[in-house]
Structures are given as C-alpha cells and as structure tokens.
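Remember, it's 1-based here, ligands and their atoms both numbered in the order they're listed. Hydrogens, waters and symmetry mates are skipped; everything else that's a heavy atom, side chains included, is used.
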Amino acid sequence: MEGEKKQVERITAREEDFAQWYTDVVTKAELIHYSSVKGCVILRPDGYAIWENIQRNLDRLFKETGVENVSLPLLIPEHLLQKEKDHVEGFAPEVAWVTLGGEETLSERLCIRPTSETLFCDFYADIIQSYRELPKLYNQWCSVVRWEKTTRPFLRSTEFLWQEGHTAHATEEEARERTLQMLNLYADFCEEYLAIPVIKGEKTQKEKFAGAKSTYTIEALMHDGKALQSATSHLFGDGFAKAFSIRYSDKNNVLQYVHQTSWGLSTRIIGALIMVHGDDSGLILPPKIAPIQIMLIPIQTKKEGIVVKLQEWENQLSKVFRVKADYSDKSPGWKFNEQEMRGIPLRLELGPRDLQNQQMTAVRRDTGEKISIPFSHLEQKVKELLDDIQDSLLQKANKHLENHIYEAKSYEEFKQLIASKPGIVKMMWCEQENCEKQIKEETGASSRCIPFQQESLGEKCPVCHQAAKKMVYWGKAY
Ligand SMILES: [Zn+2]
C-alpha cells in the first residue's frame, strides 16, 4: 500500500498553498504536460476531452442561435492590425511576429493572431454589400498566441484554444442585442453545464477590450476568493467598420456602416472548473462535462463472476452514460485514488459481497457518500445520483459566491475587506478612471464589472467623495 497512496499524498492541501494545489492538480490529474516552449502546454487526453465536451455543447448552443463556423488564417499582415488604433495599441505588447519565410525576409511582417477582429473585418469588407446579406453570424474555433510574461496552465498561456464569434449587423440596436444574447448564453452554459455561477455585468472603460465600445463579462469566484473573468462579449458599434470600410447598401440604396460584435470563451474556463469544484483529493468534474461520468471498479478481479458481471454492466451503462472500467491488476485502493484525482463523478464498486447481494456500491466523488444500489434499480439510481451531483455542485458554488460578496460604504472599510476577506466587494463609484486606478494601486483589487443588478449603497464615491454613478464589484483576480 506504500506506493499506492503516493499519488494523493503529493497533492498540496488547498488551505496550505492554493497555487501549488492548482499546479499539482493540473499535472497529477494529467490534464496538461509542460512543453518545451515556455508558456505553452500540451493538453493530455483528459484535459482535451474536457475541452471537447465544452466545445461540443457550446457549439450546439451557438448554432441554435444561427451562428455558422468558419476558419480564418493564423497570420495577420501588419497593415491590417494597424487599421484600428485602439486595437493595435491594446495588443501590440503581446504580439508574436513572423519576419522570415524560409530564408527570405518578408516585405511585410505577419503577426500570429492574438485575436482575429482585423481578419474578420477585412473579410466582411469584401463579402458584405447589401442589407440582404446581414446579419453575418460567424464563429471560429482555433488557437491564438499572446506573448505573456508570466504564464500558468489554462489561466494564462502563450498559446491557448478558444472560440471567437464575430458578427456584423445592420443596426447598433441589433448588434447590442446579439452582444447580450451571447453573454447570457455563456452565463447559462456555465451554470447549467459547468455548475459555475457567474456575475453578469459591464466592464469599465479602463478594463474594456481594445477597440470596443462596451465589453460585457461574466465573472466567477474561485475557491480562494479570487475572481476569474470567464467569458466576454464586446459591442464594437461601427468603429471597426469605419476603419475597415465595411459598408452595405440599405433598402433605400444608401451606403451604411455595419455594427459589429465579438465574443469569446477559452480553455481558461477549465482553470475555473478546477478552482471552483476541486478538493484536496484532486479534481471534481460536474457530470454534464466530465469525459468519464462513471468508473467501474472490481474489488477482486480473480474472484469468479465479478469481472464478467462488471463487463455486463459496463456494456449496459455505456448505452446511456460515459463509462470506463478498470480491470487492471492495480489494487482497488490505487484505482480509487486515481478516480478521485481525475474527478470522475461516480464510482461503482463490485465486490464478492455485492455480487452475492445482487448490488453495487456507488461512491460519490463530491461528498464521498457510499450508497448500495440493487442491480434492479442500477440504471435509474445512477442517473438520479449524477443529476444530484450536478445540482449539488452548483448549489455549493452558489453558496460560496453568496458568502464571499461584501459591501463597503467607506474606502477604509473597503481596504480592510480586500486585505482580510477573500472575495468580492461592492462599492459605489464616480465613474472616473483616477479612482479606479487608485483603488488598484493601493489595494490590488481591480474593477471586475458594473453588475446589471445595480444597488444604491450611498450617494458619494467613497474614494473622491464626488457623486457616485454606479455600484461596482471589485476584487483580486486571475
Ligand atoms: Zn471617485
């Protein structure tokens, strides 16, 4: 048993060192492997399978709203990137450039896409002519490169996978509707599939996307009380359209600029999944997104009938659930540890006594609870358990979020809360960037969002004592 427990023992406890716990989980649960390029990771089968499930579900939800997938080039000519001033300023510090083709110096540098607004705009300028072709609702699944100085798997990588939706509309009203529609779609997806509750709101002007008119965000709260921006949706208005001359002739044959949006969710969300649900034994995956929902483990592989019976159940359950069985000669204890580390929501054990009693022993990953289930009710009961695990994880995360939102009426109170209570602090704000900068410099907390659900906590901005305009959620963030 000595060697068997090691895999779990090597995980640092969350309360001891949360950052180290995170690193332990992503590597020991075999989600990623570090590559030879700094800041770029290899997604191992379990890590990639989580992304595939996210992608599959999200892609279906996108398409239900009329979105179509396209694929644009990896490289962007420099002159295109330069066209929208705010956009290029925002991204210039983290762009990687291709300057050589073979041995030849290129006459124009090509950047590796950090995001593809400019390519989509160039494309839209070519293909949009009439109001009849609007709206254009395109999305692409791809990877992008941002030259980050400090990197962490999933949370901040030099190269990462994501989807970027880019739409073009006849009116700003329609574009705004689409921006919010996609934000709501992301929020619902996070809650329903990932069991992660989120706060919806608008970014401040300082925190908005380079080139956007408004940026909307969903913010989630991690176990350690830090916030994580989980997806964003941007309204561009006609700023990019003017820079790229994307025009259509309206019903009266008058040329008009299109109004655009973009919206994205990346593998960063896997970091949220880990940090919201995981515990000191490893990952905990919500059943709806788990690549494997049920792990079948024989307690004595040599005992007659056990493996045969388990194989029967493996075949039966596989018709309805994502199932894996481990018939290897590793000990049951080792297999339990592995299943816990990988976050597989439910374990079904079959031992000699279970076989005698015509039952299996189910063990929930989220609570550790053991339940004996007669063969006669197995399929139904397993379904109920998986549903209950999904619900319980969301409830638990909801409670964690509610319990970590604080309210500050004075700046003193705010500073004290940020320093002593991990979580999010609500405070009024005058909408001036100076106050926002001061708060960030003095407390390390950034404005997470101006939530859609506004409250009035006072008349004045506690920092400058001028008239307050908005209530803002502040917090330390990944
Ligand atoms: Zn102020």
cation_pi(Lys213, Phe236) dist<6.0 Å, angle<=45: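 Not satisfied by the 6.0 Å and 45° rule.
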Can you name the one residue among Asp224, Ile274, Val26 that meets side chain to side chain contact (heavy atoms under 4.5 Å, CB included) with Trp21?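 The side chain to side chain contact (heavy atoms under 4.5 Å, CB included) with Trp21 is passed solely by Ile274 among Asp224, Ile274, Val26.
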Whether Glu174 and Arg178 form a salt bridge (side-chain N of Lys/Arg under 4.0 Å from carboxylate O of Asp/Glu) is what I want to check.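 Result for this pair is no, no salt bridge flagged.
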Under-4.0 Å salt bridge between Glu433 and Lys437: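 Yes.
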If you measure from CG on Leu74 to CG on Leu110, what distance do you get to the nearest 0.5 Å?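 If I round to the nearest 0.5 Å, the distance is 9.5 Å.
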So which protein N/O/S atoms does the Zn ion (ligand 1) have within less than 2.8 Å?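 Near the Zn ion (ligand 1), the protein supplies Cys430 SG, Cys435 SG, Cys461 SG, Cys464 SG.
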So, Glu442 versus Tyr411: side-chain donor-acceptor pair below 3.5 Å or not?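 Per modelled atom types, Glu442 and Tyr411 side chains form a pair under 3.5 Å.
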